[in-house]
Asker: 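Sending over a structure as C-alpha cells; questions will come in a sec.
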2 protein chains.
Amino acid sequence: MTSPAVSSRALPHPERGEIRLEGILHALSDPMRLRIVRELAAVSDELSCSHFDLPVTKSTTTHHFRVLRESGVIRQIYRGTAKMNGLRRDDLDDLFPGLLDTLLDAAARQAVRVGSG
Amino acid sequence: MTSPAVSSRALPHPERGEIRLEGILHALSDPMRLRIVRELAAVSDELSCSHFDLPVTKSTTTHHFRVLRESGVIRQIYRGTAKMNGLRRDDLDDLFPGLLDTLLDAAARQAVRVGSG
DNA sequence: CGACTCGTACGATAGGCATCGTAGTACGTT
DNA sequence: AACGTACTACGATGCCTATCGTACGAGTCG
C-alpha cells in the first residue's frame, strides 16, 4: 500500500542537448498532444496516462505520449503499472527561455477565442 | 523602370480570426520553413521568393511558401513577376503576443548551439 | 512579337503519421 | 497462483506531405 517504486523498465529520453525546436513544434502541432501538455502544465505535477480522457483509443494515446517524450517535451517514468508524465520544464526553460510559457499562453488565448477551453 | 504595381493575381490568405496555433506550429516545424521565417524576420521587410537560396527545387520552394501563407504566418503579393513575402507580424502579435519573437529567439539560440546560424 | 525571368500546376513517388484493433507484457492485489 | 489494471507492440489502413520533374502562365524588356 506504500506508493509504488520506480520500475526498472527503461524509457529512452533525449538528453537536453539533443532536444530540437523543430521536434517540439511538431509535437505541439497536434491538437491532442497540445491538449495533453496544457493539462500537464495546469496541474504542474506528474499525471498518469490513464488520467487523460482523450477521444482516441489507448493505442493512439500511447503513441502521442511517445512523440511527446521523444521530442523532449515530457518525461515519463513507470511507477508500478502506472506511467507518470511530467513536463521537462527545467530543460525546456534552459534551452528556450520563455518558449513553453508563451506557447501555453497562446494555446489558452486560442481556447478562449474559439471557445473550447 | 518604375517599381512594378501589385498584380491582379489573387492569393488566398486566412483572415486573422482563422489563424490557428496548431497551423503555425506545424508550419514552423519544418526546417526549411523555419529558415525562411528567420530570414524574413531578420530583414523585417518583404522579400521575393527568388531571394531565398534553398537546397530544394523551385517547385518545393513554392510549396513551402504556400504552407506558410495558408497557415497565416506570411503574407504574399505579386509585384510584377516577383512574389513578395512578408511576415504577418501585426496579426500574429495581436493573436498570440510574444509568440513570434519567442520562437525566433528559440531558433536563434538553437542555431548558436548547434552551430548553423 | 519574341525572349527571358519568375513562379505555378500537375502528376508521381516515397516516406511519415494518426488512427484502430488485437494480442501480449509488467505490475500489484487477493 | 490467479486475476485485474495499465500500458505496449505489431500490423493494417488511409491520409498527409516533402520532394522532384516537366510543362505552362504572367509579366517585363528588347
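Sequence lines set the chain letters: A, B, ... in the order given, protein chains first and strands last, and positions in each chain run from 1.
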Asker: Mind calculating the distance between CE (M32(B)) and C1' (dC20(D)) to the nearest angstrom?
Answerer: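 Taking atom C1' of dC20(D) as the reference, CE of M32(B) is at 13 Å.
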
Asker: With a cut-off of 3.5 Å and sequence neighbours excluded, list every side-chain donor-acceptor pair involving residues 42-50 of chain B.
Answerer:
unit_1, atom_1, unit_2, atom_2, d
E46(B), OE1, R79(B), NH2, 2.7
S48(B), OG, S50(B), OG, 3.1
S48(B), OG, H51(B), N, 3.3

Asker: Does OP1 or OP2 of dA9(C) have a side-chain N or O of R66(B) closer than 4.0 Å?
Answerer: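 For dA9(C), OP1 or OP2 has a side-chain N or O of R66(B) closer than 4.0 Å.
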
Asker: Do any side-chain nitrogens or oxygens of H26(A) fall under 4.0 Å of OP1 or OP2 in dG16(C)?
Answerer: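 No, no such contact exists.
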
Asker: Toward the 5' end of DNA chain D, which comes first, G80(B) or R69(A), by nearest nucleotide?
Answerer: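 Here R69(A) is the residue nearer the 5' end.
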
Asker: Measure NE2/H63(B) against P/dC6(C) and give the value in whole Å, please.
Answerer: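 Taking NE2 of H63(B) and P of dC6(C), I get 22 Å after rounding.
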
Asker: Has R9(A) got a side-chain N or O lying under 4.0 Å from the OP1 or OP2 atom of dT25(C)?
Answerer: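 So the side chain of R9(A) is outside the cut-off, no N or O lying under 4.0 Å from OP1 or OP2 of dT25(C).
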
Asker: Salt bridge or not for R89(A) and D101(A), using N-O below 4.0 Å?
Answerer: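 Salt bridge flag = yes for D101(A) with R89(A).
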
Asker: Treating R20(B) as the side-chain partner and G17(B) as the backbone partner, does any N or O pair qualify as donor plus acceptor under 3.5 Å?
Answerer: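 Yes; at least one donor-acceptor contact below 3.5 Å.
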
Asker: With the side chain of T81(A) defined as its heavy atoms from C-beta on, choose the nearest nucleotide among dA18(C), dT19(D), dA6(D).
Answerer: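 Nucleotide nearest to T81(A)'s side chain: dA6(D).
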
Asker: Sort out for me which residue in T57(B), T61(B), V56(B) forms a side chain to side chain contact (heavy atoms under 4.5 Å, CB included) with S59(B).
Answerer: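 That would be T57(B).
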
Asker: Atom CD of E22(B) to atom P of dC16(D): distance rounded to whole Å?
Answerer: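 Roughly 16 Å, once rounded to whole Å.
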
Asker: Separation of I77(A) atom CD1 from dA26(C) atom P, in whole Å?
Answerer: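 Distance check: I77(A) CD1 to dA26(C) P gives 19 Å.
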
Asker: How close or far is atom C1' of dA18(C) from atom CG of L34(A), stated in whole angstroms?
Answerer: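 Result: 16 Å.
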
Asker: Take L104(A) and V37(A) through the test side-chain contact (heavy atoms from CB on, under 4.5 Å) and record every step on the way to the result.
Answerer: CA-CA 8 Å; L104(A) 289 168; V37(A) 168; 4.2 Å; yes

Asker: Nearest-Å distance, CG (D30(A)) to P (dT17(D))?
Answerer: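 In whole Å, dT17(D) P and D30(A) CG are 12 Å from each other.
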
Asker: Starting at CD of Q76(B) and ending at P of dA26(D), how long is that distance when rounded to a whole Å?
Answerer: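 Result: 18 Å.
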
Asker: Taking 4.0 Å as the cut-off, does a side-chain nitrogen or oxygen of R79(B) come that near to OP1 or OP2 on dG27(D)?
Answerer: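 Negative; the distance criterion is not met.
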
Asker: Could you check how far CE of M84(B) sits from C1' of dG27(D), rounded to whole Å?
Answerer: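 Roughly 15 Å, once rounded to whole Å.
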
Asker: Looking at dT22(D), dT17(D), dA6(D), which one has an atom nearest to any side-chain atom of S59(B)?
Answerer: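 For S59(B), the side-chain atoms sit closest to dT22(D).
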
Asker: Would you mind telling me which of R33(B), H64(B), R35(B) makes a side chain to side chain contact (heavy atoms under 4.5 Å, CB included) with L54(B)?
Answerer: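 So the option named by the test is R35(B).
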
Asker: Mind listing the residues from residues 50-58 of chain B sitting with a heavy atom below 4.0 Å of DNA chain C? Number order is fine.
Answerer: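 S50(B), K58(B), in order of number.
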
Asker: When L68(A) is tested against each of I36(A), L34(A), I24(A) for side chain to side chain contact (heavy atoms under 4.5 Å, CB included), which residue passes?
Answerer: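 Option passing the side chain to side chain contact (heavy atoms under 4.5 Å, CB included) with L68(A): I36(A).
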
Asker: Examine dT19(D): is either OP1 or OP2 under 4.0 Å from a nitrogen or oxygen in the side chain of H64(B)? Give yes or no.
Answerer: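 So the side chain of H64(B) is within the cut-off, an N or O lying under 4.0 Å from OP1 or OP2 of dT19(D).
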
